[in-house]
2 protein chains.
Amino acid sequence: MQTIEQLLESKDIRITAMRLLIYKFLAEKEIVVTLSDIENAFEKADRTTLYRTIKTFEEKDIVHQIDDGTGITKYALCEQGCSCDIKTDLHLHFHCNNCNETICLTDHKIPQIKVPDGFVSENVNLVVKGICDKCSR
Amino acid sequence: MQTIEQLLESKDIRITAMRLLIYKFLAEKEIVVTLSDIENAFEKADRTTLYRTIKTFEEKDIVHQIDDGTGITKYALCEQGCSCDIKTDLHLHFHCNNCNETICLTDHKIPQIKVPDGFVSENVNLVVKGICDKCSR
DNA sequence: AAAGTAAGTGCAATGGAAGTGCATTTGTTA
DNA sequence: TAACAAATGCACTTCCATTGCACTTACTTT
């Protein structure tokens, strides 16, 4: 089990207090978060810093961006060993129409999608909307 | 073959010159359009009108909204007989990373997606990104 | 056909999220 | 410790989505 510090270093990300805090915040969330969520959790920090921290995490492949159809960009930590640019590793996301939360269904890989001749598939975004397990109880 | 007027009436949409024009504009596009696209096509009309027309079409289920991951909301006419809230009728969209256009692949239905116990799937959004047939030639 | 009502349209303004420039602070390295 | 690079904070900008209000157009009822 590697520490967060080791993880960041292995990804060529400088360690700062801010980054450790943001990483921990993301790690303890099972749901996907918006920039505003992070902003609310760290009221002392500036939005720009949070924004750029997330962008850095994204570039270094420890966070991936989720587009769940709400129009607001959301983020989540990648899984261990996830390389977000490899399409076979993509999982799907579930957006609850009731509680409005989005979760990564990391165990549910996206099936192979056939596209017409001439089209080249590079990437797939799949969001299932409905009622999540908490809300359907 | 019903006229546009008949179609709008059957959907409980009042007929106006503007609405007919916008409908025709959408009908002749194979690609999905943004509000700005419509705006550029109708420079005399106000953005708000276009915006609300599209919203009306959406509510009355003759237009569906597409979220192709560009962050900008796009729209397309529903297919004949499409009732956008019925999940089996959903088709997928293809976004070209080269020309930046998004196309409805109406013939390509979305496969049945399994979700974990407790989750209820109501809707699926599937966007494939890559290179379209025009750009890959 | 005229009056009255409901819906559609245009203008102006607002709000929210994403993104940028620059000065300041913090951290790393020689 | 000096010098440099990266990170942070503040202010500002941009872009799209959305709303309020006044005005016009289309439908309904008599």
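Chain letters run A, B, ... following the sequence lines, proteins first, then strands; residues in each count from 1.
Regarding Glu58(A), its CD atom lies at a distance of 11 Å from the P atom of dA18(C), rounded to whole Å. As rounded to whole Å, 16 Å separates atom C1' of dA18(C) from atom NZ of Lys74(A). A straight line from CD of Glu39(B) to P of dC15(D) spans 12 Å, rounded to a whole angstrom. dA6(D) atom C1' lies 15 Å from atom CD of Glu9(A), rounded to whole Å. Ile72(A) places its CD1 atom 10 Å from the P atom of dT18(D), with the value rounded to the nearest Å. Distance, Ile54(B) CD1 to dT18(D) P: 13 Å, rounded to whole Å. Taking atom NZ of residue Lys55(A) and atom P of nucleotide dA17(C), one finds them 15 Å apart after rounding to whole Å. One can place CG of Asp46(A) at 15 Å from P of dT25(C), the figure rounded to the nearest angstrom.
For Tyr75(B), there are no ring-ring contact (aromatic ring centres under 6.0 Å, His included) partners two or more places apart in sequence or in a different chain. Looking at residues two or more places apart in sequence or on another chain, you find no ring-ring contact (aromatic ring centres under 6.0 Å, His included) involving Phe57(B). Under the ring-ring contact (aromatic ring centres under 6.0 Å, His included) criterion, Tyr51(B) pairs with no residue at all, not counting sequence neighbours. A search for ring-ring contact (aromatic ring centres under 6.0 Å, His included) contacts involving His95(B) returns nothing, not counting sequence neighbours. A search for salt bridge (charged side-chain N to carboxylate O under 4.0 Å, His left out) contacts involving Glu39(B) returns Arg47(B), not counting sequence neighbours. Under the rule for a side chain to side chain donor-acceptor pair (under 3.5 Å), the partners of Thr48(B) that lie at least two apart in sequence or sit in another chain are Asp46(B). Evaluation of the salt bridge (charged side-chain N to carboxylate O under 4.0 Å, His left out) rule for Lys74(B) yields Asp68(B) as partners, not counting sequence neighbours.
Summarising the hydrophobic clusters (Ile, Leu, Val, Met, Phe, Trp, Tyr; side-chain heavy atoms under 4.5 Å, direct or chained), the residues clustered with Ile131(B) are Val120(A).
By the 4.5 Å heavy-atom criterion applied to side chains, Ser121(B) and Ile113(B) are not counted as neighbours.
Taking five base pairs at each end of the helix from dA1(C)-dT30(D) to dA30(C)-dT1(D), the local helix axes there meet at an angle of 30°, rounded to 10°.
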Exercise. Should His93(A) and Leu105(A) be marked as a side chain to side chain contact (heavy atoms under 4.5 Å, CB included) after you check the CA-CA gap, both sets of side-chain angles, and the distance that decides it?
Worked result: CA-CA 6 Å; His93(A) 295 101; Leu105(A) 295 182; over 6 Å; no
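For the pair Lys44(A) and Ile15(B), both in contact range of DNA chain D, the more 5′-proximal nearest nucleotide belongs to Lys44(A).
Thr34(A) comes within 4.0 angstrom of nothing in the nucleic acid, heavy atoms only.
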Tabulate atom names and distances for all N/O pairs under 3.5 angstrom spanning the protein and nucleotides 19-22 of chain D.
residue, atom, partner, partner atom, Å
dG20(D), O6, Arg52(B), NH2, 3.0

Tabulated below should be each protein N or O lying under 3.5 Å from an N or O of nucleotides 6-8 of chain C; please produce it.
residue, atom, partner, partner atom, Å
dA7(C), O4', Arg14(B), NH2, 3.3
dG8(C), OP1, Arg19(B), NH1, 2.6
dG8(C), OP1, Arg19(B), NH2, 2.8
dG8(C), O5', Arg19(B), NH2, 3.3

All N/O donor-acceptor pairs, side-chain side in residues 13-21 of chain B, below 3.5 Å, sequence neighbours left out:
residue, atom, partner, partner atom, Å
Thr16(B), OG1, Arg19(B), N, 3.1
Arg19(B), NH1, Arg14(B), O, 3.0

